[in-house]
Chemist: 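This is the structure, below, for whatever I ask next.
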Amino acid sequence: MVRLPLTPAEVARGQRLGAALRRARGERAMLDTALEARVSPETLRKIESGRVATPSFPTIAAIADVLGFSLDALWAEVNQPERDAAAAGARTGAAERWAS
């Protein structure tokens, strides 16, 4: 099976995911977090750095659980810029409709 290249939006979302998990980990050791989540430290490092933009759901769920990070809150944080852009587009579209 051929894997399609990631879109710029998918890469950016992966970077936001990694940054959110890194912030949630705080001062906690990467090794301890990875072992408790039952993922390799290298996997966690790659996710946090954005090098793995589309990690599996079970992996993210396990890491989030160890960090006490709600999946709903994580999803909201990772998708925030997309919602902001969509809202801005909707506002612009509404302004354009009112101006015509």
Side-chain angles (χ1 to χ4, degrees):
M1 180 171 128
V2 175
R3 183 175 177 142
L4 297 175
L6 297 175
T7 66
E10 290 169 326
V11 171
R13 189 173 37 240
Q15 290 169 341
R16 290 190 304 272
L17 171 66
L21 291 174
R22 174 64 189 99
R23 282 190 304 276
R25 187 167 58 82
E27 296 297 317
R28 185 178 178 149
M30 182 180 287
L31 179 61
D32 295 340
T33 303
L35 293 176
E36 192 173 335
R38 296 181 175 249
V39 300
S40 74
E42 184 61 20
T43 296
L44 181 56
R45 183 176 295 109
K46 286 178 181 178
I47 292 168
E48 286 186 356
S49 69
R51 288 181 26 219
V52 175
T54 57
S56 73
F57 178 79
T59 298
I60 294 305
I63 296 167
D65 182 52
V66 166
L67 298 175
F69 202 160
S70 152
L71 288 176
D72 289 335
L74 180 59
W75 180 253
E77 187 171 330
V78 168
N79 287 297
Q80 187 66 41
E82 291 176 5
R83 277 187 287 167
D84 290 347
R91 286 191 300 271
T92 302
E96 290 170 355
R97 285 192 299 275
W98 282 104
S100 20

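Both backbone and side-chain heavy atoms feed into the values below; hydrogens, waters and symmetry mates do not.
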Chemist: Compare every heavy atom of A62 with every heavy atom of A37, then report the nearest pair and how far apart it is.
Modeler: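 Taking every non-hydrogen atom into account, O-CB, 3.5 Å.
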Chemist: Are P55 and T43 packed together at the side-chain level, in the sense that at least one heavy-atom pair is separated by less than 4.5 angstrom?
Modeler: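 With C-beta onward as the side chain, the pair stays apart.
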Chemist: Can you tell which of R23, R22, Q15 makes a side chain to side chain contact (heavy atoms under 4.5 Å, CB included) with E48?
Modeler: R22
Chemist: Side-chain contact, heavy-atom cut-off 4.5 Å: L71 with D65?
Modeler: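 Answer no - side chains too far apart.
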Chemist: Could you tell me whether R45 and E42 have a side-chain N and a carboxylate O separated by less than 4.0 Å?
Modeler: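 Salt bridge between R45 and E42, a charged N being under 4.0 Å from a carboxylate O: yes.
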Chemist: Kindly give the heavy-atom pair with the smallest separation between P5 and E10, and that separation in Å.
Modeler: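 Here P5 and E10 meet closest at O-OE1, 4.4 Å.
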Chemist: Provide the closest heavy-atom pair for F69 versus L74 in the form atom of the first, atom of the second, distance.
Modeler: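 Here F69 and L74 meet closest at CE2-N, 3.5 Å.
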Chemist: With clusters defined by side-chain heavy atoms of hydrophobic residues (ILVMFWY) lying less than 4.5 Å apart, directly or transitively, does M30 cluster with V52?
Modeler: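 Yes: a chain of side-chain contacts under 4.5 Å links V52 to M30.
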Chemist: For a quick check under 3.5 Å, do T7 and R13 share a side-chain donor-acceptor pair by atom type?
Modeler: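 Judged by distance alone, the side chains do not pair up.
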Chemist: Identify, with sequence neighbours excluded, every residue that meets side chain to side chain contact (heavy atoms under 4.5 Å, CB included) alongside R28.
Modeler: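 If we apply the side chain to side chain contact (heavy atoms under 4.5 Å, CB included) test to R28, skipping adjacent residues, the hits are R25, T33, E36, V66, L67.
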Chemist: Would you say I60 and L6 are hydrophobically clustered, going by side-chain heavy atoms of ILVMFWY under 4.5 Å?
Modeler: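 Different clusters.
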Chemist: Quick check: do I63 and L44 have side-chain heavy atoms less than 4.5 Å from each other?
Modeler: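 Of all side-chain heavy-atom pairs linking L44 with I63, at least one is under 4.5 Å.
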Chemist: Is a side-chain N or O of R51 found less than 3.5 angstrom from the main chain of K46, in a donor-acceptor match?
Modeler: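 Such a contact is absent between R51 side chain and K46 backbone.
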Chemist: Walk me through it: do R3 and T54 pass the test side chain to side chain contact (heavy atoms under 4.5 Å, CB included)?
Modeler: CA-CA 12 Å; R3 183 175 177 142; T54 57; 2.5 Å; yes
Chemist: In Å and rounded to the nearest 0.5 Å, what is the CD1 to OG distance from I47 to S56?
Modeler: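 If we round to the nearest 0.5 Å, I47:CD1 and S56:OG are 7.5 Å apart.
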Chemist: Can a donor-acceptor pair be found, under 3.5 Å and without considering hydrogens, that links the side chain of N79 to the backbone of W75?
Modeler: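 Looks like yes, one N/O pair under 3.5 Å.
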